Amino acid sequence: VGVAVFASGNGSNFEALVHHSRKHAWADEIRLLFCDRPGAGVIGRAERLKIPAIQRSPKEFADKASYERWLLGVLKEHGIDRIVLAGYMRLIGPTLLEAYPDRIINIHPSLLPAFPGKDAILKAYCHPVCVSGVTVHLVDEGMDTGRILAQVPVSIEKGDTLETFEEKMHQAEHRLYPEVVQKWIAGEIGIKEQYS
Ligand code: GRF
């Protein structure tokens, strides 16, 4: 299985995925990092980790369909069968969804369907909830709406600041996502089976 990771920002989940893949013998599968925000932090991580990286802004294309058609060509060239979104701040359009049906996975920092979209960590922190968490789900045309494969809770305790809560959330992400992705590309979880 050839895997591409898509990221737009810092890339800590990308790095956690690469480390896990090297420790648990699925390193050959992460073949490409694609970043839609040239110069984002994730690029430096890819260089350090020696993962081939491609960066290109969608603004260079006339529309989303032509951007995704170009991307599809890149993915085919690299033998990519699965796409792992890790902080990719963009909805996936029909071109990629049709080419990769149920072959795109995402991580979101809330217990979906609560707090979809941007700033989910902040939204949970500012609401009167005492538990949020992390969700891994298949990607469909909606915003964080695809089939849920795995969730873990993260509590918001009395003494937590936004920073300490954020730190716990990221730790939970870095633990959960690589394990789920490894099982997903091995075909152990998918459409019907949930991670447990
Ligand atoms: C993570 O919180 C992820 O759940 C969300 O975007 C953030 C990306 O962080 N989709 P990083 O770039 O992996 O550090």
Side-chain angles (χ1 to χ4, degrees), residues 3-23 30 32-49 51 53-58 82-93 96-97 100 103-127 129 131-156 160-184 195:
V3 173
V5 179
F6 284 17
S8 305
N10 172 28
S12 68
N13 281 283
F14 162 69
E15 179 150 357
L17 286 159
V18 173
H19 285 313
H20 186 282
S21 74
R22 290 183 176 166
K23 199 167 166 199
I30 303 183
L32 183 68
L33 179 268
F34 172 70
C35 177
D36 64 332
R37 288 196 187 150
V42 69
I43 295 294
R45 296 188 195 251
E47 283 167 4
R48 185 160 41 77
L49 295 163
I51 300 286
I54 292 181
Q55 34 181 338
R56 188 96 185 248
S57 168
R82 307 270 182 133
I83 299 170
V84 173
L85 307 184
Y88 181 68
M89 304 300 285
R90 197 168 289 284
L91 281 179
I92 301 292
L96 284 178
L97 283 172
Y100 289 91
R103 297 285 183 271
I104 309 177
I105 198 172
N106 183 43
I107 185 162
H108 183 75
S110 76
L111 292 178
L112 290 170
F115 310 124
K118 281 187 188 163
D119 299 325
I121 296 179
L122 179 65
K123 285 180 198 156
Y125 183 77
C126 295
H127 271 71
V129 294
V131 179
S132 187
V134 175
T135 301
V136 179
H137 64 94
L138 294 178
V139 172
D140 63 13
E141 62 289 344
M143 170 86 80
D144 303 318
T145 50
R147 189 181 197 291
I148 290 172
L149 299 179
Q151 293 187 300
V152 291
V154 174
S155 58
I156 305 173
D160 270 331
T161 61
L162 177 59
E163 289 69 32
T164 60
F165 172 55
E166 243 174 1
E167 180 56 30
K168 286 196 282 186
M169 289 287 292
H170 291 312
Q171 283 173 6
E173 292 191 309
H174 300 162
R175 267 196 309 273
L176 181 69
Y177 207 22
E179 283 179 17
V180 175
V181 168
Q182 184 188 19
K183 286 194 189 307
W184 178 63
Y195 178 75

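If you read the sequence from its start, that first residue is 1, and numbering goes on from there. Whatever order the structure lists ligands and atoms in, that order sets their numbers, starting from 1. Only a predicted model underlies this, so the values are computations on that prediction, with no experimental measurement involved. Below, all heavy atoms of this structure are taken into account, side chains as well, without hydrogens, waters or symmetry copies.
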Handout entry: Heavy-atom nearest neighbour in the protein, as seen from atom 10 (N) of ligand 1, with distance rounded to 0.1 Å
Key = Ile107 O, 3.1 Å
Handout entry: atom 8 (C) of ligand 1: nearest protein contact (heavy atom, Å)
Key = Gly87 CA, 3.7 Å
Completion exercise
the protein heavy atom lying closest to atom 4 (O) of ligand 1 turns out to be Glu173 OE2, 2.2 Å
Problem - Check against side chain to side chain donor-acceptor pair (under 3.5 Å), His170 and Glu166 - result: CA-CA 6 Å; His170 291 312; Glu166 243 174 1; 5.1 Å; no
Completion exercise
Any heavy atom of Met169 under 4.0 Å from ligand 1? The part involved is neither
Fill in the blank from the handout: heavy-atom search around atom 14 (O) of ligand 1 in the protein gives Ser12 OG, 2.5 Å
Problem - Check: Ser132 side chain, Val154 main-chain N or O, donor-acceptor pair, under 3.5 Å - result: no
Exercise for the section: Consider every N or O of Asn106 and every N or O of ligand 1, then say whether any pair is closer than 3.5 Å. Expected result: no
Problem - Passing candidate, side chain to side chain contact (heavy atoms under 4.5 Å, CB included) with Gln151, options Val136, Leu176, Thr135 - result: Thr135
Practice task
Check whether any side-chain heavy atom of His19 lies under 4.5 Å from a side-chain heavy atom of His174, and answer yes or no.
Solution key: no
Practice task
Among all protein heavy atoms, pick out the one at the shortest distance from atom 5 (C) of ligand 1; state its residue, atom name and that distance to 0.1 Å.
Solution key: Pro109 CD, 3.9 Å
Handout entry: Residue pair Val18, Arg22: steps toward the side chain to side chain contact (heavy atoms under 4.5 Å, CB included) verdict
Key = CA-CA 6 Å; Val18 173; Arg22 290 183 176 166; 3.6 Å; yes
Practice task
State whether the side chain of Ser110 and the backbone N or O of Ala120 hold a donor-acceptor pair below 3.5 Å, judged by distance alone.
Solution key: no
Exercise for the section: Starting from atom 12 (O) of ligand 1, locate the nearest protein heavy atom and write down its residue, its atom name and how far away it is, to 0.1 Å. Expected result: Gly11 N, 2.7 Å
Fill in the blank from the handout: So OH of Tyr125 and CZ of Phe115: to nearest 0.5 Å the spacing works out to 13.5 Å
Problem - Which of the ligand 1 atoms, numbered from 1, are nearer than 4.0 Å to a heavy atom of Asn10 - result: 12 (O), 14 (O)
Exercise for the section: Answer yes or no for Met89: is there a heavy-atom contact with ligand 1 below 4.0 Å? Expected result: no
Completion exercise
Residues Ala86 and Phe14: closest non-hydrogen pair is CB-N, 4.2 Å
Problem - atom 9 (O) of ligand 1: the protein heavy-atom neighbour that sits closest, reported with distance to 0.1 Å - result: Asn13 ND2, 3.7 Å
